[in-house]
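Notes follow the structure.
To find a chain, count down the sequence lines: A is the first, B the second, and so on, and within it residues start at 1.
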There are 4 protein chains.
Amino acid sequence: MTSVMKAVVFARKDHIEIREKRIPDVGPNDALLKITTICGTDIHIVKGDYPVKPGLTIGHEPVGVIEKLGSAVTGYAEGQRVIAGAICPNFNSYAAQDGAPSQDGSYLVASGMCGCHGYRATAGWRFGNMIDGAQAEYLLVPDAQANLAPVPDSLSDEQVLMCPDIMSTGFKGAENANIRIGDTVAVFAQGPIGLCAAAGARLLGASTVIGADGNAQRMEISRSWGADIVLNFHDCDVVEEILRLTDGKEVNSAIEALGQQSTFESALRVLKPGGTLSSLGVYSSDLKIPVSAFAAGLGDHRINTALCPGGKERMRRLMSVLESGRLDLAKMVTRRYALDQIADAYDLFANQRDNVLKVAIRPS
Amino acid sequence: MTSVMKAVVFARKDHIEIREKRIPDVGPNDALLKITTICGTDIHIVKGDYPVKPGLTIGHEPVGVIEKLGSAVTGYAEGQRVIAGAICPNFNSYAAQDGAPSQDGSYLVASGMCGCHGYRATAGWRFGNMIDGAQAEYLLVPDAQANLAPVPDSLSDEQVLMCPDIMSTGFKGAENANIRIGDTVAVFAQGPIGLCAAAGARLLGASTVIGADGNAQRMEISRSWGADIVLNFHDCDVVEEILRLTDGKEVNSAIEALGQQSTFESALRVLKPGGTLSSLGVYSSDLKIPVSAFAAGLGDHRINTALCPGGKERMRRLMSVLESGRLDLAKMVTRRYALDQIADAYDLFANQRDNVLKVAIRPS
Amino acid sequence: MTSVMKAVVFARKDHIEIREKRIPDVGPNDALLKITTICGTDIHIVKGDYPVKPGLTIGHEPVGVIEKLGSAVTGYAEGQRVIAGAICPNFNSYAAQDGAPSQDGSYLVASGMCGCHGYRATAGWRFGNMIDGAQAEYLLVPDAQANLAPVPDSLSDEQVLMCPDIMSTGFKGAENANIRIGDTVAVFAQGPIGLCAAAGARLLGASTVIGADGNAQRMEISRSWGADIVLNFHDCDVVEEILRLTDGKEVNSAIEALGQQSTFESALRVLKPGGTLSSLGVYSSDLKIPVSAFAAGLGDHRINTALCPGGKERMRRLMSVLESGRLDLAKMVTRRYALDQIADAYDLFANQRDNVLKVAIRPS
Amino acid sequence: MTSVMKAVVFARKDHIEIREKRIPDVGPNDALLKITTICGTDIHIVKGDYPVKPGLTIGHEPVGVIEKLGSAVTGYAEGQRVIAGAICPNFNSYAAQDGAPSQDGSYLVASGMCGCHGYRATAGWRFGNMIDGAQAEYLLVPDAQANLAPVPDSLSDEQVLMCPDIMSTGFKGAENANIRIGDTVAVFAQGPIGLCAAAGARLLGASTVIGADGNAQRMEISRSWGADIVLNFHDCDVVEEILRLTDGKEVNSAIEALGQQSTFESALRVLKPGGTLSSLGVYSSDLKIPVSAFAAGLGDHRINTALCPGGKERMRRLMSVLESGRLDLAKMVTRRYALDQIADAYDLFANQRDNVLKVAIRPS
């Protein structure tokens with residue numbers, strides 16, 4: 001094993017580069033993975049929407065093989081194929097023990113993203129945010145005992161590639177929606193996360209899942225994965241249509257999967273009194289809650305937000321859904337690239353050419 | 001028994017009148033109460049903030065004696081002293097069976113308050129909103145089997161007067177806040193509902209309850225009822241002060257008890273990732289969610305709203321809290337009036353003279 | 001309409017009779033149904049295992065047409081096809097408002113089944129238990145506003161025949177099992193209720209559903225409806241086999257669907273620390289909890305029992321599952337009889353001939 | 001610092017000894033505590049009821065000062081006063097991430113206590129069970145980052161001495177009982193854990209807490225800490241008395257805090273349909289569930305068991321309850337001994353002389 005590797009780093013706004021970096025040292029609680037497949041679509045970071053330090057390796061959906069284990073990490077073997085969550089919590093933290101593992105590594109550290117707070121929101125997200133990420137030949141996984149999940153032999157790299165982020169986030173959106181058997185659930189936007197949210201809603205017992213999007217290919221996948229009805233927002237007023245479809249009774253749960261005022265607001269406008277709005281989007285500006293859609297605050301409404309859950313048990317559960325054949329996510333990967341071609345991959349994805357959904361990168 | 005009674009009706013904006021009305025007929029599922037004590041502070045209705053039909057009797061916090069029972073109502077006796085909730089649900093409705101009894105009497109009726117929806121938010125609120133209310137000599141209670149709660153002999157009218165609305169709403173704010181033993185909870189505004197929310201938070205195991213208000217008398221009651229710390233928003237930046245008090249760790253739950261952008265926003269700004277904002281206010285304009293306080297939608301935050309819960313079991317539970325001596329709400333009644341003097345009562349309350357908190361009206 | 005009808009009554013142990021009865025009067029909150037299809041398998045009552053008063057009409061799974069509505073019942077039309085739950089709660093009761101609608105009609109009435117208690121367990125079960133049941137030409141439904149659920153035109157009588165009892169009970173078993181996405185769930189016994197419990201477990205996101213039974217036909221249906229693995233307890237030690245299948249990790253949830261010590265105990269023996277045993281069986285003798293399977297009381301185990309949930313919202317939800325095509329229960333009906341032939345139906349069922357699962361009776 | 005220490009070891013049934021042991025080495029994730037105060041009442045282990053390996057140091061309620069921190073442990077300082085839970089989970093385990101931190105350190109290890117299972121119940125309990133415990137001059141804490149909780153200066157050693165076990169367990173009993181505002185809760189046995197369960201039930205909003213015991217001193221403390229009513233089982237039939245006190249309505253929750261058939265069965269017999277039995281006892285033989293008290297399995301009953309929760313966040317929460325003055329546990333310590341006198345302490349406790357409740361041991 002050589003001491004250097006190739007890594008895709010954020011150079012500056014709209015610009016990534018492949019650089020040589022030292023392969024990191026392995027501390028007692030770390031593991032070093034040799035990456036076999038990663039997802040290549042961290043477009044928000046490349047565009048600078050979400051600021052990270054120049055020179056940081058990007059990427060947060062690792063599938064790889066354990067190259068080296070820290071001295072205190074037990075129960076794994078070098079050579080084993082594993083995944084780790086996009087969010088890689090420190091499960092020893094106060095926040096994790098308190099039920100919010102994605103949110104904090106420590107009480108002591110000043111906020112990253114939400115600089116106004118002394119306490120750190122989203123602090124579980126480390127790869128490509130606070131430490132070097134997965135779009136590289138090797139990845140150092142911290143708190144490896146908590147975060148490495150062995151991949152069953154029956155599942156391919158591409159089948160599990162969505163577990164660390166897309167599937168975990170989308171399913172969390174469904175889990176956060178308080179779905180009960182027989183519910184009607186609307187999902188706003190059917191990109192990869194929205195598709196997983198719709199599949200999750202069906203998996204949790206919703207008897208009517210309504211997806212809304214404007215892209216014909218995504219609408220098609222939505223129908224095949226779980227949505228009973230898919231609405232094209234170019235063709236109808238989605239809010240009016242959902243009220244019509246439900247005879248004015250509205251939906252039990254509405255899942256927002258885009259991060260825009262329009263989808264957030266539509267989700268609230270179709271929501272039954274007593275219902276739940278599960279929000280998955282990353283919002284880049286202030287949100288407005290229209291008082292009329294909010295029943296003046298008297299509607300027994302719930303609004304739940306989430307950051308992608310991580311941890312080996314979460315990953316194990318998601319892979320067991322795939323193993324059981326309940327869902328096949330491999331079809332979401334529409335293109336494959338070598339690490340050297342990653343600029344092409346980002347260009348394809350940024351411009352949404354060729355009906356791209358997700359892109360797989362293979363470092364070697 | 002005569003066939004007419006005095007009733008306080010909404011005449012027009014800023015104007016109530018005492019009128020004679022026919023004592024209503026009693027249907028098979030109704031009960032007629034002779035009112036002994038009511039709360040006289042429906043100021044939002046008098047001011048026309050919340051529009052009701054001119055001529056409607058106002059008032060929604062009845063303490064009275066059963067004058068006559070409908071033919072299908074069992075388990076009660078005429079002459080029995082009872083209360084009914086401000087919200088008087090039809091527990092046979094789909095919404096009630098589905099866990100939201102305050103929200104709907106029927107799928108079939110067009111919306112009152114929230115005219116945009118076919119489904120009715122807040123439809124459980126009938127007294128002084130959809131049907132004649134309690135500021136009268138007699139009150140007709142619909143769905144009486146579900147809504148009449150006998151008052152234990154050990155409790156006076158004034159002790160239970162807050163159960164139908166203020167205590168039920170304030171406690172619901174605490175119940176909706178996901179409080180666990182050892183939590184820190186902040187309550188924004190310490191009017192009657194906020195005071196009950198703070199008392200409820202303490203009752204549910206919070207180890208630090210922080211109240212915020214600007215009125216010295218309310219701050220004093222807040223301290224004596226449950227708040228460990230009371231902040232005066234005239235004297236400090238409440239958000240900064242709470243961050244300081246919690247060493248930057250913020251609060252587990254924040255309860256909004258005023259219905260303003262400022263209190264809603266402050267509640268969000270002191271809320272820990274993973275925490276719950278429990279909203280009790282009646283908002284009269286659109287709300288803004290600042291993206292910075294919301295961790296861009298990634299903070300695992302929950303926002304829960306509520307309408308006051310009703311029903312005889314709810315009333316029974318609240319009265320058992322009073323009976324056990326956990327809390328004494330009678331001190332909230334600072335003035336008493338006869339029904340004929342009700343205009344004076346509203347004038348006192350509207351102008352918040354004499355440190356008024358709540359006013360009791362005695363029809364006879 | 002004539003004033004008399006045929007009804008199947010419990011005459012004495014092991015003996016039912018068809019008698020003429022007066023068609024009942026309709027009170028203000030009642031509805032009279034003309035029965036179109038009923039399930040004919042109340043074998044425990046016929047056998048006298050569960051004692052009811054001689055002369056009582058048996059049966060508790062009504063599909064029918066509204067013949068007459070009480071004066072206070074709104075939102076329905078005579079001639080409408082409806083079902084009502086086997087358990088027909090009074091949703092105005094304290095117990096219902098407190099979250100246990102199946103359990104009590106009143107605080108005031110002495111116990112039926114569990115005579116030791118002043119409070120009534122199972123008091124929501126009225127048809128064929130406390131009042132005349134559904135195996136007749138006409139059925140009087142009390143609290144009709146709460147209990148009548150219109151049947152969608154797209155569903156046949158036989159498709160909805162299992163909603164009132166079998167499907168509601170089986171699904172409740174799954175709902176009570178605290179199932180999360182990716183769980184492994186074992187269901188002990190695959191009779192009609194166990195089959196519905198397994199289907200419900202799958203519907204709620206379990207990724208591995210293990211059914212156990214000894215009847216080949218039921219095992220076959222189990223496989224087609226939701227079980228990933230079906231074990232024959234004649235061919236293996238089911239506990240050992242489940243430990244083997246889970247690599248010793250045991251199951252997250254175990255559902256008991258027979259009402260025997262052996263199934264209850266097996267359910268506990270395969271249950272993971274922290275897991276939930278959901279019990280559906282009707283036990284006729286004391287149960288033993290083996291201390292070894294119970295981790296001496298230190299295993300963070302949960303044991304939940306249930307009585308079938310009723311109410312129009314429950315029925316609406318179950319029918320929406322059928323309407324959406326998630327499950328087709330009509331195949332559970334293996335034989336049909338006229339009301340006059342009901343003795344033959346009970347004989348077939350009691351002796352479990354012809355691989356009978358469920359029998360439909362058509363009064364006219 | 002010397003290399004040897006005194007430790008109290010289990011020698012054989014009914015026999016403990018003070019031995020010299022090597023002060024353990026500190027691995028990267030460990031911390032070494034110098035014990036300042038420990039609880040000296042592990043009588044079940046001394047009696048051999050609960051078998052541990054001869055030579056093992058006993059004790060599991062450490063209060064101490066950090067002597068040495070492992071290289072990978074951050075956020076603490078040597079010299080800091082801390083506690084660790086009696087149960088010291090590995091929060092990186094699958095079980096912990098899945099919501100049961102007390103239950104497993106690993107999927108890989110064969111069961112300790114419950115040898116029948118491949119999966120380990122109670123595996124979070126390590127001190128004095130699987131590794132050397134706290135009745136010694138020094139204690140090695142594994143997974144220190146997750147398990148060390150700094151003690152606020154305002155609290156004495158004796159005030160926090162009950163947090164690691166008694167208070168955490170008793171409060172868990174209340175938390176597991178599904179208590180809502182206005183509930184009636186019965187607690188069977190008022191030893192230290194039952195006393196904490198009763199205090200916890202009150203802290204969670206129960207409006208009537210009924211304690212049952214036979215010891216006058218414990219009944220006295222029960223009254224002062226939270227019970228509204230305390231019954232002496234020498235003076236009355238506790239089940240009958242509770243039915244009488246509740247007008248036959250029974251209790252919402254019953255907490256078992258002794259580990260006997262009689263208390264378990266009484267808890268079930270006073271439990272309302274729909275209610276929760278929260279079990280805390282360590283049972284040494286099979287339990288019987290009487291079918292009559294169980295409503296034949298149809299009572300919508302819940303039975304929840306628990307092992308004491310651990311972790312630094314749990315300890316922090318419990319100490320915040322003490323800091324806020326909600327409860328003062330120091331009065332539970334009725335006697336103090338030096339480590340050398342520990343045989344006397346056990347003798348006093350085993351024979352329950354001098355109304356002993358809890359004994360504090362001070363190693364230096």
### Message
Show, in sequence, the C-alpha distance, side-chain angles and deciding distance for B/E256 and B/Y283, and conclude whether the side chain to side chain donor-acceptor pair (under 3.5 Å) test is met.
### Response
CA-CA 11 Å; B/E256 197 287 337; B/Y283 301 97; 3.1 Å; yes

### Query
For B/I193, which of B/V187, B/L280, B/L258 qualifies under side-chain contact (heavy atoms from CB on, under 4.5 Å)?
B/L280

### Task
Using a cut-off of under 4.5 Å on heavy-atom pairs, state which of A/S279, A/S284, A/G281, A/G274 scores highest against chain B.
A/G281

### Contact class of B/N252 relative to chain A, heavy atoms under 4.5 angstrom
side chain

### Query
Does B/T169 have any side-chain hydrogen bond (donor to acceptor under 3.5 Å, both in side chains) partners at least two apart in sequence or in another chain, and if so, which?
B/D165

### Task
Return the option, out of A/L307, A/D300, A/I303, A/N176, with the maximum number of heavy-atom pairs under 4.5 Å with chain B.
A/D300

### Message
Once salt bridge (Lys or Arg N to Asp or Glu O under 4.0 Å) is applied, do any residues pair with A/R180, and if so which ones, sequence neighbours excluded?
### Response
B/D98

